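What follows is a set of notes on a single structure, which appears directly below.
Not measured: the values here are computed from a predicted model.
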Amino acid sequence: ASLEGSVVMVGESAYMGGVILGRHLQEHIHHVTLDNFEIRGWFDNGITTPVNLATDENYNLVIGNNLIKDVDGTGINLATWVWNAAASGNGYNGWRGGHDLQVTGNTIDGANEYGINSYARSSLIGSNVIRNVARIGNVGRAGIGCSITDGEGQCTEPGAGIRLKVDGDGAYSSNLVTVALNRLETIGHNGIDAFGYSNILTHNLIRGACSTKGDCGAVRLFGSGTLATTTSHDVTLSENNLLDTLGNTDGCHTTYRTLFGFG
């Protein structure tokens, strides 16, 4: 409670957080516990990985019992580019989120981009409370995950409560993740957005998904290509409560004004 921080940015500020897990372009971290912090009113992500790591991804992290409130980016961002993995014998270069992570018991209230954004694998996301993500009344100049200088195409996807992403064939991202016992309320886009395989989504409460955007749902499983090549397969979806999905279409042409949300 006695630790306070201020920041004046010089140059690029992407993926800056109140807490940064690792050192940009250099070391990953492992066997670290981050517990019982309050991060409030931050200009970017609350807890984040850096933009790039050198030879490997983070692993064996415990991120628990933190309060992240009113951040302009993502509550907990686990997405970093490992640029020298191939040369170091750690697989191919690409987007990673870490492995053997426990993200549990956190409260994320008022993130403007995502609640949790993750390429993690073999990890647990459990017993978190995520609410008021990507609400129009909260956003500032950058909007919902939009760079001030980017076009409107950058703004179509952000707004999910929990997003599990993939890179390439998904071998190093969004697989063998258990998402359990989370409570998600008033989420701008999809409640849980899962792109990978062998994930387990169970005993979650999702109330009020798609409160800002339409053409989305409480849970979205998304792949591409054919059923033989897609990264989205062998997903367990069980005993979740999916309530009051809206599918907001405010601002649309009258032809598309019908609410457009799914379970």
Side-chain angles (χ1 to χ4, degrees), residues 7 9-35 37 39 44-64 66 73-104 106 113-114 116-126 145 147 154 157-158 162-179 193-200 222-225 229-235:
V7 62
M9 290 304 306
V10 176
E12 178 60 54
S13 65
Y15 287 62
M16 294 295 290
V19 175
I20 305 174
L21 306 171
R23 194 150 69 107
H24 176 52
L25 292 172
Q26 300 186 56
E27 303 93 347
H28 59 284
I29 63 173
H30 57 89
H31 295 91
V32 171
T33 296
L34 181 67
D35 183 81
F37 278 82
I39 300 169
D44 204 292
N45 302 322
I47 296 170
T48 194
T49 47
V51 184
N52 301 280
L53 289 171
T55 61
D56 204 354
E57 61 193 310
N58 296 334
Y59 57 90
N60 289 102
L61 306 186
V62 177
I63 303 172
N66 300 289
T74 295
I76 298 175
N77 184 66
L78 303 172
T80 192
W81 182 269
V82 179
W83 63 273
N84 198 30
S88 307
N90 290 322
Y92 54 75
N93 300 339
W95 286 102
R96 308 280 189 97
H99 62 84
D100 296 290
L101 312 182
Q102 295 185 51
V103 182
T104 59
N106 301 284
E113 189 166 352
Y114 298 101
I116 296 174
N117 181 50
S118 173
Y119 283 90
R121 56 195 172 94
S122 301
S123 297
L124 170 65
I125 299 175
S147 168
Q154 300 293 322
E157 288 300 310
I162 297 174
R163 195 175 206 218
L164 305 178
K165 301 166 79 170
V166 297
D167 182 43
D169 61 6
Y172 296 103
S173 53
S174 188
N175 59 86
L176 298 173
V177 177
T178 298
V179 180
D193 211 358
F195 293 73
Y197 62 89
S198 298
N199 295 320
I200 298 172
F222 190 88
S224 60
T229 61
T230 180
T231 57
S232 182
H233 58 84
D234 295 291
V235 176

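Applying the side chain to side chain contact (heavy atoms under 4.5 Å, CB included) criterion to L124, with sequence neighbours excluded, gives T104, T178. Looking at residues two or more places apart in sequence or on another chain, you find no side-chain hydrogen bond (donor to acceptor under 3.5 Å, both in side chains) involving D100. Legend: residues meeting side chain to side chain contact (heavy atoms under 4.5 Å, CB included) with N84, ordered by chain and number and at least two apart, are T55, A87, S88. Scanning for side-chain hydrogen bond (donor to acceptor under 3.5 Å, both in side chains) contacts around Q102 gives an empty result, with sequence neighbours left out. With sequence neighbours excluded, the residues that form a side-chain hydrogen bond (donor to acceptor under 3.5 Å, both in side chains) with Y114 are R163. Checked against side-chain hydrogen bond (donor to acceptor under 3.5 Å, both in side chains), R121 has the following partners two or more places apart in sequence or in another chain: E57.
Contact annotation: the side chain of N90 never approaches that of V82 to less than 4.5 Å [non-hydrogen atoms, C-beta and beyond]. Using a 4.5 Å heavy-atom threshold, the side chains of I39 and I47 count as touching. A 4.5 Å side-chain heavy-atom check between D56 and R96 finds at least one atom pair inside the cut-off. The closest side-chain heavy-atom distance from V177 to I125 is below 4.5 Å. Using a 4.5 Å heavy-atom threshold, the side chains of L78 and L21 count as touching. In this structure, L61 and I29 have side chains that are in contact, with non-hydrogen atoms separated by less than 4.5 Å.
In this structure, N117 and K165 approach most closely via the heavy-atom pair OD1-CD, 3.0 Å. In this structure, W95 and S173 approach most closely via the heavy-atom pair O-CB, 4.5 Å. Heavy-atom minimum distance, E27 versus L53: O-CD2, 3.1 Å.
When atom types are taken as modelled, the side chain of N93 and the backbone of A85 share a donor-acceptor pair closer than 3.5 angstrom. Distance alone, capped at 3.5 Å, is enough to place a donor-acceptor pair between the N45 side chain and the T74 backbone. The closest donor-acceptor contact from the side chain of T80 to the backbone of V51 lies under 3.5 Å. The backbone N or O of F37 lies less than 3.5 Å from a partner atom in the side chain of N66, making a donor-acceptor pair.
We find the CG-OH distance between N77 and Y119 to be 9.5 Å, quoted to the nearest 0.5 Å. Put simply, OG on S122 and CG on L176 are 4.5 Å apart, with the number rounded to the nearest 0.5 Å. Taking CG of N175 as the reference point, atom OG of S232 lies at 12.0 Å (rounded to 0.5 Å). Taking OG1 of T231 as the reference point, atom CG of D169 lies at 8.5 Å (rounded to 0.5 Å). Here L164 contributes atom CG and D193 contributes atom CG; the two are 8.0 Å apart, rounded to the nearest 0.5 Å.
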Show your working on side chain to side chain contact (heavy atoms under 4.5 Å, CB included) between W81 and N52 and close with a plain yes or no.
CA-CA 5 Å; W81 182 269; N52 301 280; 3.4 Å; yes
Verify side chain to side chain contact (heavy atoms under 4.5 Å, CB included) between L101 and I63, making sure each step is shown before the conclusion.
CA-CA 8 Å; L101 312 182; I63 303 172; 5.9 Å; no
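The aromatic rings of Y197 and H233 lie parallel to each other, with less than 30° between the two planes, well short of the 60° mark.
Y92 and D167 share no donor-acceptor pair across their side chains, judged by distance under 3.5 Å alone.
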